[in-house]
Amino acid sequence: MKTQVAIIGGGPSGLLLSQLLYKRGIDSIVLERKTKDYVLSRIRAGVLEKGLMALLEEAGVADRMHAEGFPHDGTLISYGNEMFHVDFAKHTGTKVMVYGQTEITRDLYDAREAADGKIEFEVENVVIHGADTDKVHLTYAVHGEERRIDCDFVAGCDGFHGVSRQTIPLDVRREYEKVYPFGWLGVLSETPPVNDELIYANSERGFALCSMRNANLSRYYIQCSLSDSPDDWTDEAFWEELKRRIPADQAEKLVTGPTIEKSIAPLRSFVTEPMRWGRLFLCGDAAHIVPPTGAKGLNTAASDVHYLYHGLCEHYENGSDAGLDAYSEKALARVWKAERFSWWFSSLMHRYPDQTTFDHRMQVAELEFLRSNDAAQKAMAENYVGLPY
Ligand code: APR
Ligand code: PHB
């Protein structure tokens with residue numbers, strides 16, 4: 001087979017890139033290791049920045065997001081018995097949209113299928129050949145049958161565990177990583193959200209987050225030990241612990257019920273440089289990971305897609321490689337800022353096993369400052385709603 005852009009990975013990055021390119025008449029093929037049902041069973045964060053919303057609009061997949069998503073113009077932050085509001089609309093004139101990542105992925109699959117887009121599922125052993133030459137091609141297998149794609153460019157959208165990043169030689173690649181000494185236990189429950197806004201809670205017992213999907217579907221998280229397993233946590237134990245970590249008036253209002261999903265995610269900050277090697281371009285989780293505090297994962301993937309999409313359009317429409325040549329530098333400049341915000345917000349809100357009383361007082365002092373200082377709130381709001389592309 002032949003295509004212009006071969007895209008490895010049928011997660012949100014790969015699908016969004018493929019759909020955007022299709023709108024500009026640029027041909028692509030998406031290769032996905034899992035089945036579509038498996039990809040759609042993954043539950044991830046659901047707060048969208050303005051830039052991602054604009055990309056979904058441009059891709060023609062924003063109707064359901066606008067109909068079913070919830071615009072949020074601020075967030076709540078609690079510590080001890082204090083709770084305060086950071087007003088995004090006041091500080092930035094912008095809102096974020098709460099709409100599940102799984103729903104975006106579903107909308108993208110629907111759009112690719114409606115356009116007869118080529119997606120191969122259950123591909124194995126994808127190998128990228130000649131990425132640093134003029135003739136790049138991929139080989140892979142589907143149910144034991146060997147296949148080949150010749151292409152102009154490869155977009156490595158295959159997540160943290162994919163092959164694309166590993167294809168870049170070690171003497172070219174530099175990796176930066178921080179692993180946090182705790183995880184997030186997340187549950188989904190068919191109960192009304194405790195508050196209209198998200199609540200990020202710093203408590204003596206550890207971090208908690210109250211989020212939502214819709215009027216009768218809530219998403220809650222509590223910081224947990226990395227040695228915990230979801231089975232260690234009964235629904236009752238989860239709700240009791242959550243109530244202890246959020247302000248008393250919120251705990252009183254919390255509606256509990258059976259959980260329909262329960263899982264534990266580790267927290268990691270990770271960046272690889274460069275994000276381009278010859279004709280291979282890394283995008284999204286393949287190149288960087290953020291801890292989920294602040295929900296920057298998908299939004300950072302979206303800014304990569306934006307730069308790569310425009311670089312490819314310039315190449316095919318104007319014969320200029322300026323955008324592609326600048327891709328790694330531009331994408332990384334924004335990635336590092338999102339990394340900083342996610343690291344800062346994570347550091348501010350969690351209990352660390354080796355935290356001293358001094359460290360704790362520093363968190364409280366910073367939270368007090370954020371509560372009472374307009375400039376600090378503005379800086380937080382600007383990062384939360386998304387820095388410009
Ligand atoms: N061959 C083909 N597909 C692969 C391979 C491979 N060797 N390795 C991984 N994949 C697929 C995975 O099965 C997955 O569906 O690539 C896809 C990558 O999707 P994600 O991990 O969701 O990554 P991405 O599309 O970059 O999404 C952005 O940022 O922080 C996160 O929550 C956020 O998941 C979101 C992500
Ligand atoms: C979520 O709704 O899953 C969510 C929201 C905000 C975050 C992380 C996760 O910071």
Side-chain angles (χ1 to χ4, degrees), residues 6-18 29-48 52 70 72 75 77 96-102 104-105 108-109 119-128 138-142 154-167 184 186-188 193 197-200 207-214 217-221 261 263 265 267-270 282-305 308 335 338 341-342 345-346 349 384:
I7 300 176
I8 310 175
S13 301
L15 294 171
L16 179 57
L17 179 64
S18 167
I29 297 177
V30 175
L31 299 182
E32 168 55 49
R33 178 159 63 180
K34 304 284 189 183
T35 62
K36 179 174 140 187
D37 286 348
Y38 181 93
V39 175
L40 289 175
S41 69
R42 292 193 291 233
I43 300 177
R44 304 264 175 87
V47 180
L48 321 191
L52 171 52
F70 294 85
H72 278 223
T75 194
I77 297 184
V96 290
M97 180 72 92
V98 173
Y99 184 63
Q101 183 176 321
T102 313
I104 296 178
T105 312
L108 284 163
Y109 271 122
I119 306 178
E120 295 246 57
F121 291 101
E122 295 182 89
V123 303
E124 290 174 322
N125 302 329
V126 175
V127 180
I128 306 167
L138 303 182
T139 54
Y140 60 100
V142 181
V154 177
C157 303
D158 47 355
F160 186 63
H161 300 287
V163 292
S164 301
R165 185 176 68 255
Q166 310 294 342
T167 302
W184 277 19
V187 309
L188 203 56
E197 300 283 28
L198 270 68
I199 305 174
Y200 289 90
F207 172 74
L209 169 60
C210 305
S211 181
M212 66 215 54
R213 292 293 175 267
N214 61 45
L217 191 58
S218 297
R219 181 79 171 144
Y220 295 106
Y221 299 92
E261 198 264 349
S263 57
L267 274 73
R268 182 198 302 272
S269 298
F270 174 87
L282 303 181
C283 233
D285 278 18
H288 41 76
I289 298 286
V290 288
T293 332
K296 289 291 165 229
L298 179 62
N299 291 301
T300 313
S303 60
D304 296 349
V305 169
L308 183 53
V335 162
F341 176 69
S342 308
F345 201 18
S346 299
M349 300 306 291
Y384 198 99

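Index from 1, following the sequence. Both counts, for ligands and for their atoms, begin at 1 and track the order of listing. Atoms considered below: every heavy atom in the structure, side chains included; atoms not considered: hydrogens, waters and symmetry mates.
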Ligand 1 atoms in contact with Gly159 (distance to a heavy atom under 4.0 Å): 18 (C), 21 (O), 23 (O)
What residue and atom, counting heavy atoms only, is the protein's closest point to atom 9 (C) of ligand 2, and at what distance? Ala45 CB, 3.5 Å
Backbone or side-chain N or O of Lys34 under 3.5 Å from ligand 1 N or O: no
Is there a donor-acceptor pair under 3.5 Å between the side chain of Arg219 and the backbone N or O of Ser211? no
Would you kindly specify which portion of Ser211 sits under 4.0 Å from ligand 2, judged on non-hydrogen atoms: side chain, backbone, both or neither? side chain
Among protein heavy atoms, which lies nearest atom 6 (C) of ligand 2, and at what distance? Tyr200 OH, 3.3 Å
Does Phe345 have a non-hydrogen atom less than 4.0 Å from ligand 2? no
Quick one: do Glu261 and Arg42 make a salt bridge, cutoff under 4.0 Å? no
Sub-4.0 Å heavy-atom approach of Ala45 to ligand 1: no
In this structure, atom 32 (O) of ligand 1 is nearest to the protein heavy atom Gln101 OE1, 3.1 Å
Looking only at protein heavy atoms, what sits closest to atom 29 (O) of ligand 1 is Asp285 OD1, 2.6 Å
Considering only non-hydrogen protein atoms, determine which one is nearest to atom 8 (C) of ligand 2 and report residue, atom name and distance to 0.1 Å. Pro292 O, 3.3 Å
Should the pair Tyr109 and Phe121 be assigned to parallel (<30°), tilted (30 to 60°) or perpendicular (>60°) ring geometry? tilted
For Lys296, state whether at least one heavy atom is located under 4.0 Å from any atom of ligand 1. no
So, do Asp158 and Val126 sit near enough that their side-chain heavy atoms are less than 4.5 Å apart? no
Location of contacts on Arg33 toward ligand 1, heavy atoms closer than 4.0 Å: both
Under 4.0 Å from one or more heavy atoms of Val126, ligand 1 contributes atoms 1 (N)
Does Thr300 use its side chain to pair, donor to acceptor, with the backbone of Val335 at less than 3.5 Å? no
Which of the atoms in ligand 1, numbered in the order shown and given with their element, are less than 4.0 Å from a heavy-atom of Pro12? 22 (O), 25 (O), 27 (O)
Is the count of non-hydrogen atoms from other residues, nucleotides or ligands lying under 6.0 Å from Phe160 atom CZ greater than 12? yes
